There are 2 protein chains.
Amino acid sequence: MTGTVTTARAAARSLVTPERLAEFFAPRSIALVGASETSGWSRFIVAASSAVGYAGPLLPVHPRHDTIFGRPAVRTLRELPEPADLAFILAPTEAVTTVIEDAAAAGIRNVVVLASGYREAGSDGRELEDRLVAAAAGHGIVLLGPNTLGFLNTVAPAAPFALTVPLPLTAGPVGIALQSGALSSVLLAFARAQAIGVSVVASLGNEAMITTADVLDYLVADEHTRVICLFLEEIGDPAAFSAAAQRADQAGKPIVALKVGASQAGQQAALAHTGAIAGDDAVVDAALRQLNIIRVSSIEELLTTGALLGYHPVPRGRRMGVLTASGGACDIIADRASAAELQIPPFAPETATAIGAHLPSCAAVRNPLDVTGYVLANARTSPLTAIDHALDAALDDPGLDFVLFTGFTIPEARPPDDRLAGLLESRVGWLADRIRRAPIPVIGMSPTCTDITGYTRELLAAHDLHVISGMDLGIQAIGNALRWQAGRGTVRPLPGRGPEAAGSGSAGLPWSEQAARELVAAAGIPVVPGRLASSGDEAVVAAREVGLPVAIKTCAAGITHKSDIGGVALGLRSEDEVRAAYARVTAAATAAAGDTLAADNTGGQVLVTAMRTGGVEVLAGVSVDAGFGPVLAVGLGGVFVEVLHDVSLRVLPVDAAGVEAMLRELRGFPLLAGARGGVAADLPAVAKVISDIGELACSVPGLLALEVNPLWVHGEQVEALDVLVVTDDNEYPQSEMEPGR
Amino acid sequence: MTGTVTTARAAARSLVTPERLAEFFAPRSIALVGASETSGWSRFIVAASSAVGYAGPLLPVHPRHDTIFGRPAVRTLRELPEPADLAFILAPTEAVTTVIEDAAAAGIRNVVVLASGYREAGSDGRELEDRLVAAAAGHGIVLLGPNTLGFLNTVAPAAPFALTVPLPLTAGPVGIALQSGALSSVLLAFARAQAIGVSVVASLGNEAMITTADVLDYLVADEHTRVICLFLEEIGDPAAFSAAAQRADQAGKPIVALKVGASQAGQQAALAHTGAIAGDDAVVDAALRQLNIIRVSSIEELLTTGALLGYHPVPRGRRMGVLTASGGACDIIADRASAAELQIPPFAPETATAIGAHLPSCAAVRNPLDVTGYVLANARTSPLTAIDHALDAALDDPGLDFVLFTGFTIPEARPPDDRLAGLLESRVGWLADRIRRAPIPVIGMSPTCTDITGYTRELLAAHDLHVISGMDLGIQAIGNALRWQAGRGTVRPLPGRGPEAAGSGSAGLPWSEQAARELVAAAGIPVVPGRLASSGDEAVVAAREVGLPVAIKTCAAGITHKSDIGGVALGLRSEDEVRAAYARVTAAATAAAGDTLAADNTGGQVLVTAMRTGGVEVLAGVSVDAGFGPVLAVGLGGVFVEVLHDVSLRVLPVDAAGVEAMLRELRGFPLLAGARGGVAADLPAVAKVISDIGELACSVPGLLALEVNPLWVHGEQVEALDVLVVTDDNEYPQSEMEPGR
């Protein structure tokens with residue numbers, strides 16, 4: 001069975017190309033199989049089709065009804081006079097296979113399957129889903145779902161979409177894909193409220209054939225989509241997902257993602273909902289950053305960031321001019337800007353002079369600018385107000401990268417006085433023109449997150465102006481956009497966990513420290529000098545060779561936490577101390593390990609290493625994530641990792657520059673830079689060693705963990721003091737590697 | 001002049017009582033002095049009065065106009081046939097004094113002054129403001145402003161409010177006071193969008209007479225206000241403000257505050273806008289937490305939290321039942337709940353059974369609950385849907401403290417089909433009734449922050465239901481409310497900085513360490529044993545007395561950072577080492593301090609103290625904030641304070657329980673609790689010593705800083721190892737305290 005499934009999946013993969021999806025997402029005729037007037041799903045599809053202005057036929061197919069929604073119905077797809085571009089299958093789970101056969105017979109190449117009861121319902125469902133994919137792929141049919149609500153496309157236009165579409169629906173630059181179909185309406189409602197236009201909205205369902213990565217590729221290729229917003233519960237195929245993210249990066253198309261499962265509780269809900277085990281959230285977070293995907297924490301932030309990136313060019317830098325009509329707004333913006341690491345530099349003198357000419361003398365000309373309420377309160381004869389003149393001036397300020405403009409205060413209803421309305425409309429026209437011609441982006445912002453409706457909406461739309469929703473969300477979105485901009489071009493694909501590793505499930509065996517040290521040393525990683533010893537005398541000889549003071553550690557098999565059981569002695573300054581420590585350590589190890597030592601007689605063996613003091617201790621550890629594969633964790637030793645959990649993560653591979661960035665992210669980084677009278681570390685050297693550790697880890701068959709802790713750093717000196725390697729049982733190193741055996 | 005001002009301010013203070021403000025904020029007749037049809041301010045007042053349904057007269061007063069807005073105008077207030085309850089003075093700055101005299105002559109007791117050009121305009125303006133207050137107070141007139149836009153009161157109703165009021169304006173439980181008047185419209189627009197009803201909105205202006213604390217007291221006393229929302233740029237009088245906050249706490253009335261100035265840039269904007277120097281934000285943050293004021297970071301969070309507290313009882317605990325119609329919403333809620341420290345426990349078995357009876361068999365019954373889209377998609381005959389039955393069941397679950405309910409999905413327009421509309425209306429009626437009778441609160445929540453309009457708004461209002469705006473803001477608000485609940489009854493007044501300290505401005509002098517040690521020891525704080533020594537021989541004797549190993553520190557005057565200049569020697573194990581260290585330390589001190597030692601000959605004096613090793617080093621430091629007075633900072637020694645800035649702050653006084661809470665807030669707290677094989681500290685003992693340090697600091701005249709760093713803690717042992725005291729020049733200790741002199 002597994003072989004058949006693999007073949008079927010491979011056949012399915014070869015079907016799903018961006019070209020094929022461009023066809024899939026733009027059907028000109030749609031059959032609704034199982035449609036009925038009492039079904040909410042059917043009614044939603046009819047309404048959604050009308051909402052997008054779909055002009056093609058909706059062809060009802062039902063085994064028992066003659067007409068549905070006033071349209072004549074056929075009994076099966078085979079009876080259609082010509083093949084529909086797409087069949088939306090509303091039929092119950094048990095009827096789906098027959099419908100697929102009908103579709104194939106009717107020459108239909110694309111289907112959407114609504115029914116649930118597949119992978120999300122357990123192992124029987126998974127088998128059912130495998131058979132469904134095999135059947136579809138066998139006929140060359142591309143399938144979205146099952147367990148999906150379909151999609152809508154405002155450009156095609158087409159909307160085989162079985163959920164409420166809040167009206168009016170605006171076409172625009174934001175492409176959306178969701179792993180929770182029911183959430184589509186919620187996103188569309190917020191998009192509607194904020195006049196955010198969408199290109200495509202796709203409910204991904206179980207991703208049996210068309211996956212998140214496929215839809216990403218399609219949206220990257222879609223010229224009408226300028227930004228991609230994702231709602232993710234899981235990243236099912238990290239390698240394919242990251243490859244698609246890299247293609248988005250190369251195409252300069254930003255991806256914003258609301259990935260749930262950050263909390264334990266969240267992971268349970270995601271598990272329940274999709275049947276997929278969510279990965280460790282910290283790894284997902286690291287991976288998304290490496291893929292330069294903007295991770296957000298709310299639907300509002302998702303769509304506000306998407307709208308900002310869809311409607312505005314990204315500013316070239318962080319220097320912001322702020323134009324408001326309230327000192328309080330200036331204060332709030334300054335606080336939020338500081339949190340988002342935006343800068344609000346003073347205006348250039350000529351800018352200030354130009355702005356001042358249009359302000360009452362009592363108003364202070366500064367950035368952020370408050371044009372004061374006088375502007376509001378005094379009747380106007382010119383269309384332009386003080387804030388408009390301020391904008392005109394600020395756009396030429398050489399010290400600004402963009403302008404935040406809060407001056408789109410337009411009444412909700414057209415003023416009954418035509419003269420006033422005319423002034424207003426001239427003003428907005430002037431603004432739109434000025435913004436279009438401006439050398440730097442102007443980001444229009446409303447003061448809070450309220451709906452954009454009525455005359456405001458019409459007037460802004462007429463001039464192709466977009467206003468982002470509220471100071472809080474707006475500035476967060478700007479920070480997100482600038483972070484994306486900074487990360488452009490840095491995306492490298494993440495390999496994901498190889499299929500050979502997937503089935504292991506082994507608890508693993510820790511290597512002897514000597515074997516681990518040799519592995520690391522062979523990869524060119526500097527290791528503190530050390531010698532094995534099996535008696536007090538040998539330990540003294542070893543200590544002479546590596547130089548006093550020394551440390552002694554047990555080599556007894558099966559002991560992972562050596563210091564906890566007294567298996568480590570540090571700072572031994574004399575030969576007497578070495579001899580005494582040898583006796584103490586081996587006795588403790590023998591007592592702790594008991595019977596497990598009998599077989600290989602390692603209880604009397606110790607490692608004698610040189611002691612290192614001063615400097616900073618770093619931890620570099622690689623673990624293996626179920627989805628993303630090897631993950632590198634870097635932290636400072638001692639309290640930083642254990643008490644403060646001050647760790648930076650990356651999915652491997654990471655080059656030395658990437659490791660240096662990881663080190664700089666640590667809260668404790670100042671210690672490496674020489675804080676508190678320490679010696680500044682040679683960061684490139686440290687980063688190179690850690691990057692080599694990561695590269696080594698990726699090359700060890702059956703690796704479960706590789707940890708150097710501590711990696712001792714003192715100026716230019718970098719040395720692994722302790723190395724732990726754990727592989728699955730089959731990959732335990734051969735005994736010839738261990739001289740003591 | 002200062003004396004006169006002080007007297008006038010005192011007279012003003014005695015006028016402003018809650019009773020008097022209850023009268024002030026509910027005028028039945030309002031004179032508009034300086035009103036004109038071309039003034040936006042005047043038009044706004046007329047519109048606002050109509051918006052609240054003000055029934056009393058608006059009496060125009062203008063030196064040149066006969067009628068204004070069709071109402072007959074008088075030339076001055078003196079010509080009014082009878083005194084108005086309140087005069088809103090729109091006249092320009094230079095005319096205000098005359099108008100005050102007119103008001104007094106006309107028997108008017110309450111005025112609002114719109115004009116600016118006072119305190120916010122510099123020292124001339126400050127003098128003008130002082131004279132304004134003196135004039136008003138002299139006549140027994142209570143004054144709001146200057147530089148205010150006035151207020152509105154939906155209950156009185158009255159609205160001498162010179163700014164746009166977005167319509168419809170809803171009366172309700174939220175009282176608002178703002179230090180930025182222009183922001184009122186923004187807040188009202190968001191309140192309107194979310195159907196949040198307000199009781200009073202007051203623009204505080206320059207607070208020349210009526211202060212933030214006064215308005216707080218008034219709103220605490222106002223029975224129609226259930227929660228108070230503040231926008232703050234400064235806390236001008238910390239003592240009065242904190243006393244008012246304590247009264248709010250005693251009355252069980254929550255305060256939510258958006259206090260700007262968190263960023264440096266924010267502080268500049270606040271400075272510019274109000275002329276007040278914003279305090280150090282970390283101190284403000286600590287003070288607000290001590291006053292159990294919920295600090296928020298956006299207008300949306302301010303009003304959403306206010307609405308939650310105004311419309312719902314606060315849940316008794318953190319155990320939340322979650323009812324949704326989307327798995328994606330469950331995921332998002334679980335993530336946000338985890339961030340807000342809410343719990344989503346499993347349903348009790350009987351709850352699950354009752355819920356399951358109304359769900360399709362494929363739906364999983366769990367908390368958070370997704371009733372699935374079937375409910376939406378299938379036509380109904382009963383008014384109740386699965387989510388309503390789930391609510392019914394969850395309300396009896398003994399394991400829940402409240403229920404989060406997302407089932408208020410009401411169309412924006414009444415369904416044209418009367419039967420459907422009837423079903424819908426019965427359903428909402430049933431829900432409202434069930435919620436009213438429920439043993440635990442039900443918090444209705446919309447999925448995102450979109451406006452509540454049309455039929456939805458009407459139907460909810462008709463049943464007195466409130467829905468909070470969006471999962472992100474909503475759960476943040478719930479977290480805020482529960483934090484407020486947990487802090488109830490704990491508020492103690494903060495004294496603020498005494499007036500005697502205000503004028504000092506001294507850079508201060510550090511005491512000799514011996515004087516500082518004696519001060520601390522006299523207050524019962526354990527200090528590590530130490531002896532003064534002025535020669536190598538004396539140092540050896542001292543070392544014998546305190547016991548080896550010892551530390552030696554220079555006592556040279558004028559050296560604050562002793563270790564930086566080599567003035568400290570640690571870990572001296574023998575008498576030879578002591579003697580050598582004495583020579584080294586005194587030589588270094590003499591070299592570093594140079595000439596300053598000549599006068600008092602302290603270069604040869606050292607302090608010999610016992611060494612303490614192991615244990616944890618704590619920092620306990622008191623500094624003096626310009627507004628709030630003495631502030632206690634507690635942190636762990638070494639990297640925690642210096643590299644990680646891991647510090648907890650409280651405005652003094654703080655009792656031992658408060659200090660223990662501070663210690664528990666530290667990221668490094670696990671070290672005190674015995675992490676990494678350390679000895680767990682006797683926390684109450686540590687907290688008592690630190691609390692004593694705080695109490696001592698409050699009693700030292702002219703104190704600028706008192707720092708014990710480190711305070712050594714090892715199990716039950718607590719000892720000050722190093723003490724720094726800085727007072728202003730006049731309070732340097734007398735020389736008899738220093739045996740070495």
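What you are looking at is a predicted structure, and each value in this text was computed from that prediction instead of being measured. Letters A, B, ... are given to chains in the order of the sequence lines, protein chains preceding strands, and every chain is numbered from 1.
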Under 4.0 Å between a side-chain nitrogen and a carboxylate oxygen: does that hold for B:E301 and A:R336? no
Mind listing the closest non-hydrogen atom pair of B:S180 and A:G328 along with its distance? OG-N, 3.2 Å
Identify which part of A:F669 has an atom lying under 4.5 Å from any heavy atom of chain B, answering side chain, backbone, both or neither. neither
For B:A329, is it the side chain, the backbone, both, or neither that has a heavy atom closer than 4.5 Å to a heavy atom of chain A? both
Select, from B:R192, B:H645, B:Q343, B:M471, the one with the greatest count of heavy-atom pairs under 4.5 Å involving chain A. B:R192
Check each atom of A:I332 against the heavy atoms of chain B and say whether the ones under 4.5 Å are side chain, backbone, both or neither. both
Counting heavy-atom pairs under 4.5 angstrom with chain B, the leader among A:L149, A:L187, A:T453, A:I299 is A:I299
Would the distance check show the side chain of B:E300 and the main-chain N or O of A:T448 forming a donor-acceptor pair, the cut-off being under 3.5 Å? no
With B:A193, which residues qualify under side-chain contact (heavy atoms from CB on, under 4.5 Å), at least two apart? A:T450, B:D451
Which bit of A:A121 is near chain B, if near means a heavy-atom gap under 4.5 Å: side chain, backbone, both or neither? neither
Could you pull out the closest heavy-atom pair between B:V643 and A:G668, with the gap in Å? CG1-CA, 4.1 Å
Sort A:S297 into side chain, backbone, both or neither according to what part of it lies under 4.5 angstrom from a heavy atom of chain B. both
With sequence neighbours left out, what residues match A:S42 under side-chain contact (heavy atoms from CB on, under 4.5 Å)? A:A35, A:S39, A:F69, A:L90
Grab the two heavy atoms, one from A:P447 and one from B:V186, that are nearest each other, plus how far apart they are. CB-CG1, 3.5 Å
For the interface with chain B, which of A:L671, A:L644, A:I333 has the highest count of heavy-atom pairs at distances below 4.5 Å? A:L644
For B:F231, is it the side chain, the backbone, both or neither that has a heavy atom under 4.5 Å from a heavy atom of chain A? side chain
When B:D331 is tested against each of A:L183, A:V260, A:L258 for side chain to side chain contact (heavy atoms under 4.5 Å, CB included), which residue passes? A:V260
Relative to chain A, which segment of B:E412 carries a heavy atom at a distance below 4.5 Å: side chain, backbone, both, or neither? side chain
Return yes if some donor-acceptor pair links the side-chain N/O of B:D472 with the main-chain N/O of A:S298 below 3.5 Å, else return no. no
